[in-house]
Every structure is written in structure tokens, then in C-alpha cells.
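Worksheet for the structure shown next.
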Amino acid sequence: MAERDVRVERAQRGEQDDLIEHDEHCSMDPRTMEALGVGLHQQVRITRILPGGAVPGVATVTQARDEERADVVRMGEDGRRRFGTAGVFAARANSVVVRSELTDCEAEQQGEFVERLTDDGAQTVLIVIAPHGGRIEPHTDEQARQVAGHFLPDRVSTWLCRGYGDHSEAWHITSGDLNPISFPLLGQVIGREFRHAVSFHGFTPPDILVGGAAPKALRKEIAAAIRVATAGTDLVVQVAEPGDPIGGGDAANIVNRLTGDGDNGVQIEQTLRARREHGTAIAKAVAEVYLRVLTEAGAAPPK
Ligand SMILES: [Zn+2]
């Protein structure tokens, strides 16, 4: 583990528009990157130091920028606001992003961030993920576990992160940026080439959006199953179209990267209300579609 005191300063307009447009991105001086052992496009833990405490979070280093002072890290205003201020601030940078040695209970008490993997080390049938569980996108981690509960342990893996605390949004790293070097348990499965991968997320309307790079037929089947599971409610279930900004169809999205040809991930975005009131029913509907698909393919004997 490497750690350095840093100063988080303002992104330079014009030169660093990427940082201004992406609140999770930061630049770092190459000397500090080297001291931390952090490369480009990896995540780094940034902890804002306050007189009475600290605000921890995670950012993705998208630019190595030569600074006069080696300790300068830059973010756009929205990026600094993730740490609770529009101003510049003193912080600590750490190469270790997750504190997975903590139990979930300890993580919640300490406002921390943990990574979890349930995996037999070999199966390649299905992985269910929730990168933004805990308080970041509540109930998504529970849904991932619920889906897995419908399968034999040698037919499913789960990978999830849980983030807690008053600034839990600062733990959010967008699915396209998640780097397996920064998330070591993800690193254990990223090369597995799963047949299927499905991710659970929380977002704003439409109520439920079934995206990902998986064929539209599979996504339509999942959407139809969710519609049945939420019948009698006014929840709107849609299938993402190509190019939808939250459609999860891009190759960089972690749910797609986990599949064999990079084109069989399904990403389920849901409003908080959908998750809170119907999260279990949605998870069950998703599990039943995969059970059917995999049983037909001879890959998932009934539990
Ligand atoms: Zn998410």
C-alpha cells in the first residue's frame, strides 16, 4: 500500500475538459503516480482531510500531468463536490481503493468501501454483478445475491462492491472505467470469459431499463419477465436502444468485458422505487430467464 499527501486543485479549462465533464476523473503528477504505483486509467482512493474527520472516495486517473508541485491532483468542480466542496482541498491519495478486510457491518459503521467475490474459481456460465451496492445504489447488491441464490454454486459467480457513509456517491466508479487492477477480486474473474453476465444498477427514469451489449432478443425476454413480475404497478420497463447513454452497450462496460466475446452483458438500471418495492421480484424474474436459457443450453441443471 502506498500513500501520499496531495492537494486537490481545479482542472484547467480547455486543457482538461475531460475532468470538467467527468466528475470521477482526475489528473495526477507522474511523480505521485509512480510513488503510489498507480497507472493511467486506474482508480485511486482520495481522502479529503478535514479538521474533524475525513471524506473518502475514489477517482479514476485519466491524465498524467506535469505539475510544478508533485502533490497536485486536479478535478473539475463536480468532481470536488463529490468530496463535499466546490473549493480546493488537502487530501491523502492511496493506491488501495477497497478495504475488503472489513466485514459489511464494519464497513457500514466506518463509512467504508469493500469488494466481494463469490466464485468457485472455475465456472464460466454466469456472473452476476453489482459494482455500486451498499448505500451507493441501494438494494443492487442484494439483487445480485438473490439472482445467484437460484443457481448451483458451480454455475454462478457474484462480484459486487458496497460503499457506505454520508458521501457514498464518492465511491461510485462508472462501469466503463472500473479497472481490475484497482479491484483485485474483479481481477480474479475478468479473464474468465463468462457465457453470460448481468449487472444491477440504480438510476433515474425510465423506471427500468434493460441494456447491455447482449442480443436484443435476450434483453427483450428479460424485460418481458420483469414486466410480468411488476404487473399491476405503473413501472415502465424498457429495452435500451443502441447509443442510449445509460444503455450499457459500450464494449468498455464491465458487464460486457466479463463475457467471452464482450457482447453478452445485460445491464439493468432501476429507479430507487423499483428497487425498494420490487427489487426481489425483479431479481427473481431475471434469474428465471437465465435458468431457462441456460437449462435449454444444457448449462444449468435445476437447483
Ligand atoms: Zn450503478
Side-chain angles (χ1 to χ4, degrees), residues 21-25 43 56-60 78-79 81-82 97-98 104 107-108 112-117 127-148 157-165 167-180 182-183 185-186 189-190 196-214 219 222-223 226 235 237-240 244-259 265-280 282-283 286:
E21 286 160 20
H22 298 93
D23 62 359
E24 299 172 0
H25 290 181
Q43 276 76 52
V58 184
T60 302
D78 292 344
R81 284 191 190 280
R82 295 172 76 225
V97 167
V98 286
D104 290 336
E108 190 162 8
E112 265 297 339
F113 188 43
V114 295
E115 182 188 21
R116 306 287 185 227
L117 175 69
I127 186 164
V128 191
I129 70 170
H132 309 133
R135 269 186 65 177
I136 312 171
E137 294 169 0
H139 308 299
T140 55
D141 46 340
E142 297 156 20
Q143 290 182 298
R145 288 269 201 254
Q146 285 162 359
V147 170
S157 303
T158 57
W159 174 75
L160 51 91
C161 294
R162 294 188 170 114
Y164 298 97
H167 294 269
S168 56
E169 67 279 4
W171 298 123
H172 185 282
I173 291 295
T174 195
S175 294
D177 283 346
L178 286 165
N179 192 321
S182 306
F183 293 86
L185 297 178
L186 175 62
V189 290
I190 190 66
H196 290 279
V198 57
S199 64
F200 286 88
H201 290 273
F203 207 69
T204 41
D207 297 320
I208 299 167
L209 184 69
V210 182
R219 295 188 291 115
I222 290 172
I226 294 174
L235 289 176
V237 186
Q238 291 179 359
V239 175
D244 188 318
I246 63 160
D250 56 318
N253 189 306
I254 192 65
V255 78
N256 300 322
R257 273 189 278 160
L258 281 163
T259 63
V266 169
Q267 170 166 295
I268 301 172
E269 293 278 6
Q270 315 149 87
T271 54
L272 179 58
R273 192 186 132 222
R275 281 172 276 148
R276 194 168 51 206
E277 296 175 13
H278 306 282
T280 301
I282 292 166
V286 171

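Keep in mind it's a predicted model, so treat the numbers as computed, not measured. Whatever order the structure lists ligands and atoms in, that order sets their numbers, starting from 1.
- With 2.8 Å as the limit, Glu269 does not count as an N, O or S neighbour of the Zn ion (ligand 1).
- Looking at Asp104 and Arg116, a side-chain N of the basic residue comes within less than 4.0 Å of a carboxylate O on the acidic one, giving a salt bridge.
- Asp207 places no side-chain N or O within donor-acceptor distance of the main-chain N or O of Thr271, the cut-off being under 3.5 Å.
- Under 3.5 Å, the side chains of Trp159 and Glu115 contain a donor-acceptor pair of N or O atoms.
- Across every non-hydrogen atom of Ala130 and Ala144, the tightest pair is CB-CB, 4.1 Å.
- When distances from the Zn ion (ligand 1) to the N, O or S atoms of His132 are compared, ND1 comes out shortest.
- Take the Zn ion (ligand 1) as the corner point: the lines to ND1 of His201 and to OE1 of Glu137 open at 110°, to the nearest 10 degrees.
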